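The structure displayed is predicted, hence computed values, not measured ones. Below, all heavy atoms of this structure are taken into account, side chains as well, without hydrogens, waters or symmetry copies.
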Amino acid sequence: MLLPAVLAGLLLGTAAPASAHAVLRSTDPGDGSVLRTAPRHVTLTFTESVGLLTDSFRIYDPRNRRVGTGPADHAPAGSDTARVRLPARLATGTYTVAWRVVSADSHPVSGALTFSIGKRTAAPAAPPADRAENRATTALHTIARYLAYLSLALLLGTAAFVAYCRPPATAHLRTPALAAAAALLVSSAALYLLRAPYEEAAAPTTAFSPSALTHTATTRPGRLLLLRLALLLLAAAAVPVLRRLRTPLPRRAVLAAGAVLATALSLTWSASDHASAGIQVPVAIVSSTLHLLAMGAWLGGLAALLWTLRHTPAPAGLPASVPARFSRLAFTSVTVLVVTGVYQSWRGLGSWQALTDTTYGRTLLAKLAAVTALLLAAACSRTWTARLVGAAATAPAPVRVPEPATGPPLPELPPAPPANPALSLLRRSVLLEAVAGLLVLALTTLLTSTVPGRAATEPVQAAVSPATGIPTAFVTTLPFDTGAAGGRGKIQITLDPGRVGTNSVQAVIYGPDGGLSAVPGLRLTFTLPAQRVGPLDTKVTDRGGYWSVPSFTLPLPGTWTMKATVRVSDLDQVTVSTPVRVTR
């Protein structure tokens, strides 16, 4: 009953553009820079390795006509770069670069920047509209991802429940196990088909084109999805063969094969999500795999226990040994989840500030709250399990009274004792656990599509001169939204040269349509939290179309926090911030 509601909510609530995980670190030329001569290449550097598409770069000249370029490739610096070669002759004016790449954890990321040759055009060309995410493709891809996580947890948990808890009858668990396996197979196939349209922001109808299927097979996410499908098909083919064997395989051999299959399936996730990019990748992949296995054993096993309690006939009830064994399995799973979860949270956040200042941190807090509710429900289940075991240990053994062959009938036996109330309470607490577990699973899947706090708070570095290697200016673009009508846009801030001492500050504000926008008020401040310096007000003034100050002094090196307060009306204003690394 819960699954259709969850999928319907995802379909309606996730049609927004997907969050990407590679963050643009620097550009050459720098965003907003003015060059004396035309550059030979446009080079982007990201916080992690990126994959290139057939149309990763689109460059427009001052008249908004597309410039012909060669294919995109990686710069010699490494796979965390994207580069495109420019024509030999470029006219004077402002050029716009629209780009789209795929981050190492399989999510596409896109954006735009401008640079000028000789001088800025009188009216800078508005960045062309980026390839809007196709709502149908995004919704279908998101639903397939959630369904894959849910079916994996149910499949692994049911297998772990049968293998360790040993319920007296397992026939009733065959239905949810087969349904989970089928759902995992279908959702994985859908993810493979939708991979190319998801990367290219295309319609779902392009999924079956031979070029899209071939391209997906050459990417790491595509190969991992093919491996997942192969493992599922191999397991589906092996089960009937094992059933027809005259001599069953030893239990240990079956359990070992199941453990290998579960680990391999989990690796197809951990090798393509957050763990595959960033710091300490090998340790992160191991931690993510263990986290998935423990999650499946606990949450999927919880669903199997709930299904078993529902199909256990009364008044005999379920043997107390089954929930007792699951209690031990759940305790071990929670221990693994806590250890791996703490590591993954540290790796993804990077700082305590990111816990409240980033979407990743706030989603993580929501997950921690859901996990707390889940642990409270689990504690109740553990209490009722203990009482059920105690009642089973102290209950008198049933006495069989033989019927007399002759003579008067024996007196009627007293009525059978009522069913243990602890069993009914256990059913309710396990149901609460299942609901909380479903919420935890949804938030976990949401975290995999959210920019990690460490990447979101990493400062954008200054543009670097290829000739001298010296930073020429710090340029960053911050989106803002006051919540009022027409109160959205972005502010492009240039700090030149971005080093200790005297700097010039310039800010250009773009409206929702990408054109220049005039606002009644702007305040830029710098604070150095490590030295308790600031806030230092730049006192930028309106210069008729842009805001600037020719001289502003940054006294110390370090990571400063730059805050921009944009006032779009007498009542509406908003403050956005970003870290700025200042060197000597």
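When the salt bridge (charged side-chain N to carboxylate O under 4.0 Å, His left out) test is applied to R65, the partners found at least two apart in sequence or on another chain are D61. Partners of T553 under the side-chain hydrogen bond (donor to acceptor under 3.5 Å, both in side chains) rule, at least two apart in sequence or in another chain, do not exist in this structure. Among residues two or more places apart in sequence or in another chain, the side-chain hydrogen bond (donor to acceptor under 3.5 Å, both in side chains) test is passed with T137 by N134. H141 is linked by a ring pair (Phe, Tyr, Trp, His ring centres under 6.0 Å) to Y198, counting only residues two or more places apart in sequence or in another chain.
The shortest heavy-atom contact between A203 and P197 is O-CB, 3.7 Å. For S56 against V101, the heavy-atom pair with the smallest separation is OG-CG1, 4.2 Å. The two residues Y149 and L292 come nearest to each other via the heavy atoms CE2-CD2, 3.8 Å. Nearest approach of V34 to G118, heavy atoms of both residues: CG1-O, 3.8 Å. Of all heavy-atom pairs between F480 and K490, the closest is CE2-N, 3.4 Å.
Checking side-chain atoms of R581 against main-chain N and O of G558 turns up no donor-acceptor pair under 3.5 Å. Using modelled atom types, one side-chain atom of R220 and one backbone atom of A271 make a donor-acceptor pair closer than 3.5 Å. Between the side chain of Y192 and the main chain of L213, a donor-acceptor pair closer than 3.5 Å is present. Remark: side-chain polar atoms of T268 are paired, donor with acceptor, to backbone N or O of L265 under 3.5 angstrom. Put simply, the side chain of S188 never gets that close to the backbone of L185: no donor and acceptor are under 3.5 Å apart.
The only option from T27, V84, D28 that meets the side chain to side chain contact (heavy atoms under 4.5 Å, CB included) definition with V42 turns out to be V84. Applying the side chain to side chain contact (heavy atoms under 4.5 Å, CB included) test between P555 and each of L528, V500, L536 identifies L536 as the sole match.
With values rounded to the nearest 0.5 angstrom, T219 atom OG1 is found 5.5 Å from E199 atom CD. For the atom pair OG1 of T477 and CD1 of I509, the computed distance is 12.0 Å after rounding to the nearest 0.5 Å. Rounded to the nearest 0.5 Å, atoms CZ (F57) and CG (L44) are 4.0 Å apart. To the nearest 0.5 angstrom, T69 atom OG1 is 8.0 Å from D55 atom CG. The OG1 atom of T216 sits 9.0 Å away from the CG atom of L225 when rounded to the nearest 0.5 Å. Distance check, rounded to the nearest 0.5 Å: CG of L231 to OG1 of T263 gives 11.0 Å.
Residue pairs meeting the salt bridge (Lys or Arg N to Asp or Glu O under 4.0 Å) criterion with at least one member in residues 71-81, sequence neighbours excluded: D73-R83. Screening residues 282-298 for side-chain hydrogen bond (donor to acceptor under 3.5 Å, both in side chains) gives S270-T289, S287-Q344, H291-T340 as the qualifying pairs, with residues at least two apart or on separate chains.
A donor atom on one side chain and an acceptor atom on the other are found under 3.5 Å apart for S116 and T94. T45 and T81 share no donor-acceptor pair across their side chains, judged by distance under 3.5 Å alone.
Taking 4.5 Å as the limit, every side-chain heavy atom of S79 sits out of range of all side-chain heavy atoms of V50.
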### Query
Given T565 and T575, is the side-chain hydrogen bond (donor to acceptor under 3.5 Å, both in side chains) satisfied, shown in steps?
CA-CA 4 Å; T565 301; T575 300; 2.9 Å; yes
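Remark: R523 fails to qualify as a cation-pi partner of W547 under the 6.0 Å distance and 45° angle criteria applied to the six-membered ring.
Aromatic ring pairs are classed by plane angle as parallel below 30°, tilted from 30° to 60° and perpendicular above 60°; the pair F115 and Y95 is parallel.
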